[in-house]
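First the structure, which I've put down as structure tokens, then a few questions once you've had a look.
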Amino acid sequence: MMGIKNQTDPRDRLHHGGWMAKIFCWSVMVFLMFFLPNGIVSFYESTSKFGSGLFLLIQVVLLLDFVHGWNENWVSKDEQFWYMALLVVSLVCYIATFTFSGLLFHWFTPSGRDCGLNTFFIVLTLILVFVFAVIALHPKVNGSLLPASVISLYCTYLCYSALASEPRDYECNGLHKQSKAVSTGSLTVGLLTTVLSVVYSAVRAGSSKTLLSPPSSPRASSGKPLLPFDKVEEQDSKKEESRPVTYSYSFFHLIFSLASMYSAMLLTGWSTSIGESGKLVDVGWPSVWVRVVTGWATAALFVWSLVAPILFPDREF
């Protein structure tokens, strides 16, 4: 599917049609998976760890794209109501962030125990929240509190998700008595986030404004998204003989393959080895560090999105 720029390409039909054949092939592949040797499964495990990390980074980029677009949409209305709405949403996000942080100290830093690592994670997250607000409100930065507050809440959630994934026998994990509930909740949120990320990336793939769609991309040749919402425009477009593709087919399938890898890692606790991860979903130190590093990457990308236009004013971000 690489390099398809026009819908007259024969591969366009393969991409959009042949669903009965695709379902049949998918069913056969699922059946054959049970007969693969363990070596191939182990190789896919190793590959999925890298693919899952890449998918988490794409999630961060999509979140930044969504938040900045949300802020620009409300600011462009230039009405007092929408400015007040920005302020209210930002305050709600900050209140939730600090309340959530207090709960993290209560759950994961029990008194009388040496929980320096957990304290470091929580305190560092609070420092990042403060840094986000300072940079967003700096006179030289054309920023807003809404993106900073939403990213702060997301980083706090990642910190909670990381701490909740700590082994249940770890003395600093105050949620060990609710291991099943926490594991199920973490799994549900993780899978829901994955589905939303895939759908959002597909819908946004047709817009040149998205951070993942450079102007040179074939997706930038049309402002129409993957999922058309205007039936009149859709009918008019069908009358054209030659139409450029509205999104990158290869990127579309890449997103789904990476999401599949992430789901596999989420369901197996980032390891196929027998142990605690076989009893509880998404529990173990690999899960902890994956989420911690994702939170740090989120912070770095958000700061870069604010600072980059100042450092490189001649470039478009």
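Counting from 1, the numbers follow the sequence of the chain as shown. Since this is a predicted model, take the numbers as computed values, not measurements. Below, all heavy atoms of this structure are taken into account, side chains as well, without hydrogens, waters or symmetry copies.
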I135 side chain reached by V131 side chain, heavy atoms, under 4.5 Å:
yes

V150 side chain near P147 side chain, heavy-atom distance below 4.5 Å
no

Can you tell me if H106 has over 12 outside heavy atoms packed within less than 6.0 Å of its NE2?
no

Using the side-chain contact (heavy atoms from CB on, under 4.5 Å) rule, pick out the option among V89, I151, V75 that qualifies with L146.
V89

Are W74 and F81 close enough that their ring centres sit under 6.0 Å apart?
no

Does the pair F105 and N118 meet the rule for a side-chain contact (heavy atoms from CB on, under 4.5 Å), with working shown?
CA-CA 8 Å; F105 277 111; N118 288 0; over 6 Å; no

Greater than 12 external heavy atoms within 6.0 Å of N73's CG
yes

Y154 meets the ring pair (Phe, Tyr, Trp, His ring centres under 6.0 Å) criterion, sequence neighbours left out, with none

Which distance, rounded to the nearest 0.5 Å, do you find between the CG of N173 and the CD of E171?
11.0 Å

Distance flag, aromatic centroids of Y157 and F100, threshold under 6.0 Å
no

So how far is it from E166 CD to C115 SG, rounded to the nearest 0.5 Å?
8.5 Å

Start with the C-alpha distance between F252 and H15, add both sets of side-chain angles, then the distance that settles side-chain contact (heavy atoms from CB on, under 4.5 Å), and finish with yes or no.
CA-CA 11 Å; F252 178 82; H15 176 73; 3.9 Å; yes

Would you name the heavy atoms of L126 and S101 that are closest together and state the gap between them?
CD2-OG, 3.2 Å

Applying the 4.5 Å side-chain criterion to the ILVMFWY set and letting contacts propagate, would L91 and Y83 be lumped into a single cluster?
no

Among L128, L103, T125, I122, find the residue that satisfies the side-chain contact (heavy atoms from CB on, under 4.5 Å) test when tested with T156.
T125

To the nearest 0.5 Å, atom CD1 of I4 lies from atom CZ of R11 at 4.0 Å

Please find the pair of heavy atoms, one from H68 and one from S305, that lie closest to each other, and give the distance.
NE2-OG, 3.3 Å

Evaluate the side-chain proximity of L36 to L32: yes if any heavy-atom separation is below 4.5 Å, no if none is.
no

Atom pair CE/OG of M265 and S260 - distance to nearest 0.5 Å
10.0 Å

Report whether W296 and V129 are members of the same hydrophobic cluster (ILVMFWY, side-chain heavy atoms less than 4.5 Å apart, transitive linking).
yes

With clusters defined by side-chain heavy atoms of hydrophobic residues (ILVMFWY) lying less than 4.5 Å apart, directly or transitively, does M261 cluster with M33?
no

Can you label the angle between the Y262 ring and the F55 ring as parallel, tilted or perpendicular, going by 30° and 60°?
tilted

For the residue pair F121 and F108, establish whether any side-chain heavy-atom pair is separated by less than 4.5 Å.
no

Measuring from atom OG of S27 to atom NZ of K22, what distance do you get when rounded to the nearest 0.5 angstrom?
14.0 Å

Which other residues belong to the hydrophobic cluster containing V92, where Ile, Leu, Val, Met, Phe, Trp and Tyr are joined when side-chain heavy atoms lie under 4.5 Å apart, directly or via other members?
V88

Please examine the side chains of M2 and F251, heavy atoms only from C-beta on, and report whether any two atoms are closer than 4.5 Å.
no

Considering only heavy atoms from C-beta outward, does the side chain of F50 approach that of L258 to under 4.5 Å?
no

Looking only at heavy atoms, the pair that brings A148 and A136 closest together is CB-CB, 4.0 Å

Side chains of L306 and F132: closer than 4.5 Å at any heavy-atom pair?
no

Please step through side chain to side chain donor-acceptor pair (under 3.5 Å) for the pair N71 and S144, ending with a clear verdict.
CA-CA 8 Å; N71 182 75; S144 174; 2.8 Å; yes

Check whether L87 and L153 end up in the same hydrophobic cluster, where Ile, Leu, Val, Met, Phe, Trp and Tyr are linked by side-chain heavy atoms less than 4.5 Å apart.
no

Check for me, please, whether L104 and V292 land in the same ILVMFWY cluster - side-chain distances under 4.5 Å, paths through other members count.
yes

May I ask you to test the L14-M1 pair for a side-chain heavy-atom distance under 4.5 Å?
yes

Verify side-chain contact (heavy atoms from CB on, under 4.5 Å) between V28 and F24, making sure each step is shown before the conclusion.
CA-CA 6 Å; V28 172; F24 174 77; 3.8 Å; yes

What distance separates C172 SG from D114 CG, expressed to the nearest 0.5 Å?
7.0 Å

Is there a side-chain contact (heavy atoms from CB on, under 4.5 Å) between L63 and F302 once you walk through the steps?
CA-CA 10 Å; L63 176 63; F302 177 66; over 6 Å; no

